[in-house]
Amino acid sequence: MNTIFSIIIDVVLLAVGVIAGYFYHRYQSDRALKDRQDTADNILKVANTQARLIESQARESATKIVQASESEIKERRIELNKEADRIDKRRSELDGRADKLEQRDQNLSKRQSLIDKRTNEVEKLYEQEVIKFEQIAQLSQEEARKQLFAAVEKEARADMARIYRQIEAEAREEGEKRARKLIADAIQRVASEHVAEVTSSVVPIPSEEMKGRIVGRNGRNIKAFEQAAGVDVIVDDTPEAVTISCFDSVRREIARRALTRLTVDGRIHPAHIEKILEEEAKAVDKIMNEAGEQAAFDAGIAGLHLEVLRVMGRLKFRTSYGQNQLAHAVEVSKLAGILAAEIGANVELSKQGGFLHDIGKAMDHNQEGTHAKLGAEFCRRYGVNSIVVNAIESHHHEVDQLTIEAVIAEAADAISGARPGARREDLEAYIKRIRTLEELSQSFEGVQQAFAIQAGREVRIIVKPENIDDLASARLARDVAKKIEETMQYPGQIKVTVIRETRATEFAK
């Protein structure tokens, strides 16, 4: 009973607590709501106050802006009115100018019409005057123009020839000074021997009895020797000497050495002759190899292929106009090196070009082609520099010279061949060259006589004065010189002098 009563009491207390909590919570909610409403009312009041303040400030700012805008508008209106006045004034001025220009255009049109009228009158007067002049001069206008052009052309050609001769003389004088200096320096620094080689060799013998042994019974020994050596042996009345003649200097040297050994040994018969000739051919071949190496050393050239040096050594026993070709090659190499150093070209390549320029002359006669092309092709096969190959191939102008080193090699070759004592020419070839030079000069129209003087180094041409004037004389000299360059082979240079003489003769009666 007590337990139930205590439970009821607890339930009642719990219910009272719940109701009390509910009313307390509601009281707190109503109070918080009232506080919030009061806060909102305060905020609203503050916002209304600020809004009224902002509105009053905005009205004041708007009033000021409106007033400023109105004053600016007024000022702009005043400026626009002034600009409109200026535009109206400018327009009135332009209208006045347009009127003046129109009036001036009308005046110009009137003047143009007057000018056209006067021009027509002048043209008519000019035509009448031209007709009168043609009648007086008995020449048409075209004929007079042609005569005038001819006179002007003649005068211009005379001036051109005079200027040309002046420029050519100045260039020749300066070029000759420079060339003489270079050539003189080069020749003075290269001292070479005079010509000594000929087409025959003399072999001394100990006694006249040896001549009979050389000839042999019925000429057996001399025939065997000549057949094996490829030379001619001349046994004449010259005391204690036998002459060997052959245009091939290599065969002549082999025969000379072999015959010298045979005369010293005393055993002269066909079998022994062949043996000695074979031994001497090997000895001469060795000498040529050594000569090629020595020549390269003398010329100061290194790096050439051994086969190139071997072929160059063959030039030791070859000559051109009596000039030893190996000595000529060394001399040309030295001259080319000096010239190259003077003008600033490649000294090494110039020396190689001068040293190898005539290597084609050592080639066998069975190979077809000029010595320049044969030598260039041979050197190209053995890795010689292309600049040197061009110098070899072009030193006789068979191909174009591509470098200054090629020109230097040609010049050095000409200097070596043209210096006094370098070459000699037999009488028949000399007379033939002189005759060819005179006939070539006389082949030109207007030439009366031609004389080759100074051993063919100068030709003097006498022309007919009625056929060739002074200008044509200068052209004739150039044409003759050009034809000589194209058709003749000669060392050095040939001077061409054209002489024109006018004589007037009268008789007093």
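The figures here come from the full heavy-atom set of this structure, side chains too, leaving out hydrogens, waters and symmetry mates. All residue numbers in this chain count up from 1 along the given sequence.
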Take C379 and I392 through the side-chain contact (heavy atoms from CB on, under 4.5 Å) test and state the conclusion after the steps.
-> CA-CA 9 Å; C379 291; I392 298 170; 3.6 Å; yes
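- Between H357 and H328, the gap from one ring centroid to the other is short of 6.0 Å.
- By the 30° and 60° cut-offs, the orientation of the rings of H371 relative to H396 is perpendicular.
- Nearest heavy atoms, A302 versus Q352: O-NE2, 4.2 Å.
- Within the 3.5 Å criterion, the main-chain N or O of A452 finds a donor-acceptor partner in the side chain of E438.
- Judged by distance alone, the side chain of N120 and the main-chain N or O of D116 form a donor-acceptor pair under 3.5 Å.
- Under a 4.0 Å N-O distance rule, the pair R251/E253 does not qualify as a salt bridge.
- Side-chain contact between T497 and I499: present, with at least one pair of heavy atoms (C-beta onward) separated by less than 4.5 Å.
- You'll find the side chain of R118 stays beyond 4.5 Å of the side chain of E123, heavy atoms only.
- By the 4.5 Å heavy-atom criterion applied to side chains, K117 and I115 are not counted as neighbours.
- Here the shortest heavy-atom pairing between A329 and F355 reads CB-O, 3.4 Å.
- The side-chain heavy atoms of T403 and I408, taken from C-beta on, include no pair separated by under 4.5 Å.
- Between L437 and I494, some side-chain heavy-atom pair lies under the 4.5 Å cut-off.
- A cation-pi arrangement is present between K483 and F444, with the terminal nitrogen or guanidinium carbon under 6.0 Å from the aromatic centre and inside a 45° cone about the axis.
- Just one of V463, I462, I461 meets the side-chain contact (heavy atoms from CB on, under 4.5 Å) condition when paired with Q449; it is I462.
- Applying the 6.0 Å contact sphere to CZ of R500 captures more than 12 heavy atoms from other residues, nucleotides or ligands.
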Evaluate the side-chain contact (heavy atoms from CB on, under 4.5 Å) criterion for residues I387 and N346: first the C-alpha distance (whole Å), next the side-chain angles of each, then the deciding distance (0.1 Å), finally the verdict.
-> CA-CA 10 Å; I387 296 177; N346 190 306; over 6 Å; no
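- Put simply, the side chain of L356 reaches to within 4.5 Å of the side chain of V388, judged on heavy atoms.
- Contact of the S394 side chain with the D400 side chain is not registered, since no non-hydrogen atoms from C-beta on lie closer than 4.5 Å.
- Using a 4.5 Å heavy-atom cutoff, the side chains of H269 and H272 are in contact.
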Start with the C-alpha distance between V384 and F378, add both sets of side-chain angles, then the distance that settles side-chain contact (heavy atoms from CB on, under 4.5 Å), and finish with yes or no.
-> CA-CA 9 Å; V384 177; F378 175 79; over 6 Å; no
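- Listed here is the closest heavy atom pair of L277 and A258: CD2-CB, 3.4 Å.
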Show which side-chain atoms of residues 292-300 pair as donor or acceptor with protein atoms under 3.5 Å away, not counting sequence neighbours.
residue: Q294; atom: NE2; partner: D298; partner atom: OD1; Å: 2.9

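- Under the side-chain hydrogen bond (donor to acceptor under 3.5 Å, both in side chains) criterion, the residue pairs touching residues 276-285 are R257-E280, R261-E279, R261-E280, with sequence neighbours excluded.
- Remark: R380 engages E377, E393 in a salt bridge (Lys or Arg N to Asp or Glu O under 4.0 Å) (not counting sequence neighbours).
- When atom types are taken as modelled, the side chain of N467 and the backbone of G446 share no donor-acceptor pair closer than 3.5 angstrom.
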